[in-house]
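This report refers to the structure that appears directly beneath it.
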Amino acid sequence: MTNPTPAAPRINPSILAADFVNMQADLARIASADFAHVDVMDNHFVPNLTFGPQMVERIQATSPIPLDVHLMITDPDRWAPGYAELGAASVTFHLEAAADPVALARRLRSIGARAGVAIKPGTPQQPLYEILDEFDQILVMTVEPGFGGQGFMPETMPKLRALRDEARRRGSDVWLQVDGGISDATIAQAAEAGADTFVAGSAVYGADDIAAAVTGLRDRARAASLEA
């Protein structure tokens, strides 16, 4: 049996690396990307504080591309549906924080958002196998959540490969996303391990030509996935 043709890589720039004072302009600069990745942190689940619902609502209203919201918050069972109701295309919550991840995923889908679940570097992936079909996206954190600019953790790649293999075994079309330290130097490694959706912050917003940076990352990921 041959493996299916890899999906076209998706590049989701993290607006955590954008200029918060000029957010509308910095959203316009990533119009060639696939999604705008929005990190919501509550200073409880992770030791940092970023956006809340009102800011996400304004980002949703001005972004030229769909929002990929990543909730690094406690009690996502209560708060995550609100982000879907704001119109976010994708809402990802942490497995470690959810009381009933399946019920929450179903609620997000019923509102109209793609349902995603994230796991920290130290969280095993095996509990996701039996509930894989409940999710549209699985986010494997390649850094510890909570801060931008961290170094890529290659020790998370076996987990990503295992999820890819299990998804293939089950015939699942779930997206496999990576977030943390993704750059020209690391994206091929993640793509080879099975990722098809890539969050990149400083690698995009730190570039002189943002559109070229997005294209370059996408091309590197595509080439690596074809070789895998």
**Report entry** Side chains of Ser90 and Asp136, donor plus acceptor under 3.5 Å
**Finding:** no
Report summary line: In short, ring pair (Phe, Tyr, Trp, His ring centres under 6.0 Å) pairs touching residues 94-116 with sequence neighbours left out are Phe45-His94, His70-His94
Query raised in the report: Do Gln24 and Thr62 have side-chain atoms, one donor and one acceptor, less than 3.5 Å apart?
Result: no
Query raised in the report: To the nearest 0.5 Å, what is the distance between OG1 (Thr50) and CG (Leu16)?
Result: 6.5 Å
Report summary line: Rounded to the nearest 0.5 Å, the CG atom of Leu217 sits from the CD1 atom of Ile187 at a distance of 4.5 Å
Query raised in the report: Does any pair with a residue in residues 181-190 pass salt bridge (charged side-chain N to carboxylate O under 4.0 Å, His left out), and if so which ones, sequence neighbours excluded?
Result: Asp184-Arg220
Query - Co-members of the apolar cluster containing Phe35 [side chain, <4.5 Å] - result: Trp175
Report task. Only pairs at least two apart or in different chains count here, so list each salt bridge (charged side-chain N to carboxylate O under 4.0 Å, His left out) that has a residue in residues 117-131. Result -> Glu130-Arg170
Requested in this report: Sequence neighbours left out, what pairs pass ring pair (Phe, Tyr, Trp, His ring centres under 6.0 Å) with at least one residue falling in residues 50-69?
Outcome: Phe20-Phe51
Requested in this report: For residues 204-213, pull every pair meeting salt bridge (charged side-chain N to carboxylate O under 4.0 Å, His left out), keeping only residues two or more places apart or in separate chains.
Outcome: none
Query raised in the report: Does Arg78 have any salt bridge (charged side-chain N to carboxylate O under 4.0 Å, His left out) partners at least two apart in sequence or in another chain, and if so, which?
Result: none
Requested in this report: Scan for side-chain hydrogen bond (donor to acceptor under 3.5 Å, both in side chains) pairs involving residues 25-37, sequence neighbours excluded, and state none if there are none.
Outcome: Asp26-Arg29, Asp34-Arg218, His37-Asp39, His37-Asp68, His37-Asp179
Requested in this report: Please identify each residue that fulfils salt bridge (charged side-chain N to carboxylate O under 4.0 Å, His left out) with Asp219, with sequence neighbours left out.
Outcome: Arg222
Query raised in the report: Sequence neighbours excluded, which residues qualify as side chain to side chain contact (heavy atoms under 4.5 Å, CB included) partners of Pro81?
Result: Leu104, Arg107, Ile111
Requested in this report: With sequence neighbours excluded, tell me which residues meet side chain to side chain contact (heavy atoms under 4.5 Å, CB included) with Trp79.
Outcome: Ile73, Asp75
Query raised in the report: Above 12 or not: heavy atoms from other molecules or residues under 6.0 Å from CG of Asp173?
Result: no
Report task. List, by chain and number, the other hydrophobic cluster members for Val143, where Ile, Leu, Val, Met, Phe, Trp and Tyr join if side-chain heavy atoms come within less than 4.5 Å, directly or indirectly. Result -> Leu139, Met141
Report task. Working to the nearest 0.5 Å, report the span between OG1 of Thr92 and CG of Leu108. Result -> 9.0 Å
Query raised in the report: Under 3.5 Å, is there a donor-acceptor pair between the side chain of Ser225 and the main chain of Ala221?
Result: yes
